[in-house]
Amino acid sequence: MDKIVNIKTVGEYNEHWGVENRHPLVNVFEGSQIMRPIPNCRKNFDLYVIFLKDVKCADYLKYGRKEYDYQENTLVFVSPGQVFGYPADGSTYQAKGWCLYFSPELLRGTQLGRHIKDYTFFSYDVREALHLSLQERETIIDCLKKIDDEINNGMDKHSNMIIASAIELFLNYCTRFYDRQFITRKKANKDILARFEELLDGYFASDKPQSYGTPSVAYCAEQLHLSANYFGDLIKKETGKSAQEYVQQKIMDTAKDMLANLEKSVSEIAYALGYQYPQYFSRAFKKVVGCTPNEYRMAE
């Protein structure tokens, strides 16, 4: 049976690694500081955890229910409630790279705490990890060392705020590097956008709207084998629209084509598009197009 170990506190994760408790809410270390092999196990975290892997691992790790083979200079982000690790089969591994982990309690009352959810890459899938250039890696390690220095300075009334600010700087650099990664993968992103269009065309050409309603962003992301957050960020960067806005525009473009056929009533079109009630369709259509379906049909 695949046992999952619950890691609730920074202290418990320190114990897992065999490192000193320097601060109750945060820690960072470089893998060479871990002198002993670490037993493999899958962990359910109540912490934010960030791994920088310096080398390609021979073994596969499980992130949620999926396997992931780390590449060199890869950053992976784990948020509270996620499961990460290799099944406990008696094997061990030697720590490599860097690890930063902190409790949500560290962020209370800080600017980072107010917008931590804006860093959507904490909910990206493992295949959407951040791959760093050598220069980016140096910047990231410099940030980690600054966090490490502040932890070593000892705790005073300013410590948590300064550490949270240093983590925020680190995450802002990660946002910049993810933006670079979206740009350098532009061809792959265009392919995803084309598949997204095909997915929506196929959806409305089928009987799925009557059975499942209008397509959700989560449904589209799952069909394209992407996490909802990564998919949403990709669509926003490629089109300037949110994924929800893009889906809504597609629905209305399809509705316009259907309204050109006078054999179907507005209600029939609403049901065919997946709306439970025709008035919901009419409101959504007016919000996007600027007139009601009947007014649009008359203008045509």
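Atoms considered below: every heavy atom in the structure, side chains included; atoms not considered: hydrogens, waters and symmetry mates. We're numbering straight along the sequence, starting at 1. Because the structure is a prediction, the values reported are computed rather than measured.
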Nearest 0.5 angstrom please: [X] [atom1] to [Y] [atom2], how far?
X    : Y    : atom1 : atom2 : result
L132 : R137 : CG    : CZ    : 9.0 Å
N40  : S91  : CG    : OG    : 3.5 Å
E238 : F196 : CD    : CZ    : 12.5 Å
I163 : L112 : CD1   : CG    : 12.0 Å
M161 : D156 : CE    : CG    : 12.0 Å
E20  : Q33  : CD    : CD    : 10.5 Å

So, for [X] and [Y], which heavy atoms are closest and what is the spacing to 0.1 Å?
X    : Y    : value
P104 : D46  : CD-O, 3.4 Å
S282 : V266 : OG-CG1, 4.3 Å
R22  : V28  : NH2-O, 3.0 Å
P24  : M155 : CD-SD, 3.6 Å
V26  : V10  : N-CG2, 3.6 Å

For the hydrophobic clusters of this structure (ILVMFWY residues joined by side-chain heavy atoms under 4.5 Å, transitively), does one cluster hold both [X] and [Y]?
X    : Y    : value
V247 : I192 : yes
L259 : Y271 : no
Y275 : Y277 : yes
L25  : I162 : no

Verify, without hydrogens or angle tests, whether [X] (side chain) and [Y] (backbone) share a donor-acceptor contact under 3.5 angstrom.
X    : Y    : answer
R283 : P278 : no
E295 : T292 : yes
E30  : K145 : no
E12  : K8   : yes
K286 : A284 : no

Test log, rule side-chain hydrogen bond (donor to acceptor under 3.5 Å, both in side chains), inputs Y219 and K208: CA-CA 12 Å; Y219 168 82; K208 289 180 180 176; 3.2 Å; yes

Validation row, ring centre [X] to ring centre [Y] under 6.0 Å:
X    : Y    : result
Y230 : F182 : yes
Y296 : F285 : yes
F84  : F45  : no

Plane angle bin for Y124 and F121 - parallel if under 30°, tilted between 30 and 60°, otherwise perpendicular: perpendicular

F170 and F77 aromatic ring geometry - parallel, tilted or perpendicular at 30°/60° bounds: tilted

Chi angles and distances behind the side-chain hydrogen bond (donor to acceptor under 3.5 Å, both in side chains) call for Y48, Q82: CA-CA 9 Å; Y48 291 95; Q82 291 179 324; over 6 Å; no

Among W17, F51, W98, ring-ring contact (aromatic ring centres under 6.0 Å, His included) partner for F29: W17

Close side-chain approach of I147 to L100, heavy-atom, < 4.5 Å: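 In short, these two side chains touch, coming nearer than 4.5 Å.
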
Student check: side-chain heavy atoms of V288 and Q249 closer than 4.5 Å: yes

Option among N229, T175, D233 that satisfies the side-chain hydrogen bond (donor to acceptor under 3.5 Å, both in side chains) test with T120: D233

Donor + acceptor pair across side chains of N172, E168 (<3.5 Å):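 Absent: no donor and acceptor within the cut-off.
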
Steps toward salt bridge (charged side-chain N to carboxylate O under 4.0 Å, His left out) verdict (E105, R108): CA-CA 5 Å; E105 289 296 320; R108 297 207 183 279; 2.9 Å; yes

